[in-house]
Amino acid sequence: MKFGGTSVEDAKAMERTAAIVAGRRKKGLDAIVVVSAMAKVTDQLIAAAAAAGRGDKAGALALSARLRNRHIDTSSDLLQQEQFAEMHAALHTEFDSLDDLLRGIAAVGELTPRTGDLVVSFGERLSSRMVAAAFAQRGLNGVHVDARTCIVTDANYGKAAPLETAIEAKLRELVLPLIEAKQTPVMGGFIGSTVDGITTTLGRGGSDYTAALVGGGLHAGAIEIWTDVNGIMTTDPRICPDALRVKSISFEEAAELAYFGAKVLHPATILPAVQKSIPVWVLNSRNAENEGTKITAVAPHCRNPFKSIAAKKKLTIIDIVASRMLMSYGYMKSVFDVFDRYKCAIDMVSTSEVSISLTVDSNERLPEICEELAKIADVKMEGHKALICMVGEDIRGHNGIAGQVFGAISHVNVRMISQGASEINMSFMIEEEDVEEAVRSLHRHFFADPDEEIFDVTARDVARGQVESKA
Ligand code: ADP
Ligand code: ASP
Ligand code: MG
């Protein structure tokens with residue numbers, strides 16, 4: 001059971017989390033709990049590390065002081081006197097060592113990726129200790145496990161890759177005995193360590209990934225991702241408040257959505273679950289009664305071509321024009337090698353006789369990448385682009401879908417189009433400023449008549465009922 005930042009954002013949220021876990025245990029189920037840092041804490045730790053890296057010691061320490069107070073206040077609301085005294089002392093010790101670290105970074109005036117990971121790891125280290133203590137106090141036999149003892153990774157700081165065989169062995173050695181003793185292990189997501197014990201992180205949103213690694217490693221009966229929405233929705237409800245819950249979606253569809261921007265799941269989460277055929281559920285910790293979304297191996301047939309629309313911002317299009325060389329043997333390789341060297345992932349590619357256009361996440365190394373590419377071609381870079389990805393296995397059975405998609409957004413300038421070989425997604429690039437409007441237009445068009453077997457229409461019906469009764 002993984003609880004995201006909003007599910008542990010304050011003492012009330014942690015209480016709800018404890019009640020949800022208690023419900024599972026009452027049914028005779030064993031639970032391993034993975035928690036994120038309290039909401040926004042990771043952002044603030046990144047800001048503190050960056051301030052220290054600029055030499056702004058006072059700024060870094062001020063951010064850390066705010067975090068110290070928030071954790072202490074939350075613990076005081078959450079824990080009884082005796083447990084609070086213990087936690088209070090532990091939090092001071094941890095924050096003292098965070099402050100030492102920030103002073104060190106500020107003194108050197110340089111923030112390395114390795115030290116950055118150590119700073120941000122405090123978020124999950126602290127939240128997991130607090131949740132474990134809360135569980136212990138509420139009869140759930142909560143016991144804290146430092147995730148860095150089990151989640152073994154390579155040394156690619158900032159986005160470390162897990163070493164699954166080593167993780168499985170560690171989980172069997174350290175976590176399984178706790179389960180057998182009817183305890184509830186609580187560990188932080190997102191963080192890990194190298195074989196040499198150096199702290200790493202799995203990349204933003206990585207707590208979902210930790211949950212899948214733990215669930216996969218111990219062959220769990222299910223992996224539950226508890227968050228702040230009712231499940232995977234037909235699009236981000238922040239863009240489209242009338243988005244509907246998708247009751248059931250396939251691994252393949254969920255993976256495409258996650259990869260192309262639906263923040264509700266980390267893109268790598270699905271893999272460990274697929275490998276072991278473990279069902280994944282996305283559930284709402286603020287509305288635990290809701291059925292959520294079940295992610296399964298096979299998608300049930302759906303009358304609508306699409307299940308969901310994802311959008312990803314802050315992308316850059318790179319146009320590479322090489323009039324003579326493009327079709328020559330090995331040319332594509334030389335282009336992709338440049339991206340490889342900078343560990344820069346490419347989202348979408350389209351080619352013509354003389355040009356290649358590709359899209360990448362905006363990052364600070366792009367100028368260097370373009371400089372290298374300029375040695376073999378004419379290069380143009382355009383930022384502030386966004387990708388919209390429409391996902392659904394049932395596109396296959398529908399004719400004229402592309403016409404409908406582009407008809408629905410005929411007022412928007414579309415830059416690049418791709419229909420994946422998997423035939424379950426249709427993606428295209430537009431200007432960042434057009435995203436919200438385009439998603440809403442597409443949502444209106446494709447979910448006007450939703451298949452009630454697949455989409456939960458009750459919320460929409462309730463809303464309509466309210467409007468009608470007002471009228
Ligand atoms: P957590 O902290 O629990 O990991 P996240 O903020 O990472 O939560 O992910 C949940 C958020 O993902 C939701 O609040 C929602 O705004 C966003 N989101 C984007 N696309 C979707 C989608 N298709 N379905 C549901 N939520 C989505
Ligand atoms: N706390 C980390 C983040 O904000 C990991 C996570 O929440 O999944 O990215
Ligand atoms: Mg998340």
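Indexing begins at 1, ligand by ligand and atom by atom, following the structure's order.
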*Is R138 close enough and on-axis enough to F135, meaning under 6.0 Å and within 45°, for cation-pi?*
no
Donor on one side chain, acceptor on other, [X] and [Y], under 3.5 Å:
{"X": "D99", "Y": "S64", "result": "yes"}
{"X": "N230", "Y": "N284", "result": "yes"}
{"X": "H144", "Y": "S128", "result": "yes"}

As a test of reading the model: which N/O atoms of the protein lie under 3.5 Å from N/O atoms of ligand 2, and at what distance?
residue: ligand 2; atom: 1 (N); partner: T42; partner atom: OG1; Å: 2.7
residue: ligand 2; atom: 1 (N); partner: E124; partner atom: OE2; Å: 2.7
residue: ligand 2; atom: 4 (O); partner: T42; partner atom: OG1; Å: 3.4
residue: ligand 2; atom: 4 (O); partner: R204; partner atom: NH2; Å: 2.9
residue: ligand 2; atom: 7 (O); partner: S36; partner atom: OG; Å: 3.0
residue: ligand 2; atom: 8 (O); partner: G205; partner atom: O; Å: 3.3
residue: ligand 2; atom: 8 (O); partner: G206; partner atom: N; Å: 3.4
residue: ligand 2; atom: 8 (O); partner: S207; partner atom: N; Å: 3.0
residue: ligand 2; atom: 8 (O); partner: S207; partner atom: OG; Å: 3.2
residue: ligand 2; atom: 9 (O); partner: R204; partner atom: NE; Å: 2.7
residue: ligand 2; atom: 9 (O); partner: R204; partner atom: NH2; Å: 3.4
residue: ligand 2; atom: 9 (O); partner: G205; partner atom: N; Å: 2.8

Which protein non-hydrogen atom lies closest to [atom], naming both residue and atom, and how far is it?
{"atom": "atom 11 (C) of ligand 1", "value": "D228 OD1, 4.0 Å"}
{"atom": "atom 12 (O) of ligand 1", "value": "V264 N, 3.5 Å"}
{"atom": "atom 23 (N) of ligand 1", "value": "M233 O, 3.1 Å"}

_Using the rule side chain to side chain contact (heavy atoms under 4.5 Å, CB included), only one of V145, I151, D146, V152 pairs with R148; which is it?_
D146
*Are there more than 12 heavy atoms of other residues, nucleotides or ligands under 6.0 Å from atom CD of E453?*
no
*Flag if over 12 foreign heavy atoms under 6.0 Å of CD, E86*: no
[X] near ligand 1, heavy-atom distance under 4.0 Å?
{"X": "G231", "result": "yes"}
{"X": "K2", "result": "yes"}
{"X": "G205", "result": "no"}

*Measure from the ring center of Y209 to the ring center of F190 and say whether it is less than 6.0 Å.*
no
*With only distance considered, is K263 within less than 3.5 Å of ligand 1 through an N or O on each side?*
yes
*With only distance considered, is A262 within less than 3.5 Å of ligand 1 through an N or O on each side?*
no
Sub-4.0 Å atoms of ligand 1 with respect to non-hydrogen atoms of [X]:
{"X": "G5", "value": "2 (O)"}
{"X": "S308", "value": "23 (N)"}
{"X": "I232", "value": "24 (N)"}

_Test ring-ring contact (aromatic ring centres under 6.0 Å, His included) applied to F251 - qualifying residues, sequence neighbours left out_ = none
*Heavy-atom distance to atom 16 (O) of ligand 1: which of D236, T227, V229 wins?*
D236
*asked:* According to side-chain contact (heavy atoms from CB on, under 4.5 Å), who are the partners of A299, at least two apart in sequence or on a separate chain?
replied: S250, E253, K307, E393
Show me the side-chain donor-acceptor pairs of residues 37-47 shorter than 3.5 Å, one per line, residues at least two apart or across chains.
residue: D43; atom: OD1; partner: R204; partner atom: NH1; Å: 3.1
residue: D43; atom: OD1; partner: R204; partner atom: NH2; Å: 3.0

*Test salt bridge (charged side-chain N to carboxylate O under 4.0 Å, His left out) applied to D347 and K312, K313, K314, K385, the passing residue*: K312
